[in-house]
Amino acid sequence: TLNINYNIMDLQTIKSKIPHGGYNEIVKLSGINKITICNFFNEKKAVTPKIENKILSATAKYLKGLQDQREKIAEQFKKIQ
């Protein structure tokens with residue numbers, strides 16, 4: 001299991017927020033192998049704290065980017081009305 005207290009949400013909650021194809025984006029941002037990322041989120045294999053931090057950092061960056069895009073799109077739709 002994991003050593004870090006994620007404070008805001010647990011690993012499965014984080015995983016549930018990653019859309020289809022999201023792991024590929026996390027791979028690009030983290031430089032970590034996709035299989036390692038899948039195993040990490042499925043809690044199949046332990047990773048070093050350094051790898052864990054890279055995966056979580058890339059995931060947070062990716063999800064924040066998605067959120068920012070959604071907010072911009074929402075603003076665009078508000079202007080249409």
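The residues of the chain are indexed from 1 along the displayed sequence. No hydrogens, no waters, no symmetry mates; every other heavy atom, side chains included, goes into these values. These numbers come from a predicted model, not from an experiment.
The side chain to side chain contact (heavy atoms under 4.5 Å, CB included) search around Lys45 returns Asn39, not counting sequence neighbours. Applying the side chain to side chain contact (heavy atoms under 4.5 Å, CB included) rule to Glu71 yields the partners Gln67, Asp68; only residues at least two apart in sequence or on another chain are considered. For Gln12, the side chain to side chain contact (heavy atoms under 4.5 Å, CB included) test picks out Asp10, Lys15, Glu43, with sequence neighbours left out.
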Could you check Leu11 against Phe40 for side chain to side chain contact (heavy atoms under 4.5 Å, CB included), going step by step and ending with a plain yes or no? CA-CA 9 Å; Leu11 191 59; Phe40 172 75; 3.6 Å; yes

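Counting only heavy atoms from C-beta outward, the side chains of Leu56 and Glu52 approach each other to under 4.5 Å.
For Glu75 and Lys72, the salt-bridge test fails: no basic side-chain N is under 4.0 Å from an acidic carboxylate O.
Among residue pairs with one or both ends in residues 44-75, none qualify as ring-ring contact (aromatic ring centres under 6.0 Å, His included); sequence neighbours excluded.
The line from CD1 of Ile18 to CG of Leu63 is 6.0 Å long, rounded to the nearest 0.5 Å.
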Check: residues 28-37 side-chain donor-acceptor pairs under 3.5 Å, at least two apart:
from: Lys28; atom 1: NZ; to: Glu25; atom 2: OE2; distance (Å): 3.4
from: Ser30; atom 1: OG; to: Ile26; atom 2: O; distance (Å): 2.8
from: Ser30; atom 1: OG; to: Ile32; atom 2: N; distance (Å): 3.1
from: Asn33; atom 1: OD1; to: Ile35; atom 2: N; distance (Å): 2.7
from: Lys34; atom 1: NZ; to: Asn24; atom 2: OD1; distance (Å): 3.0

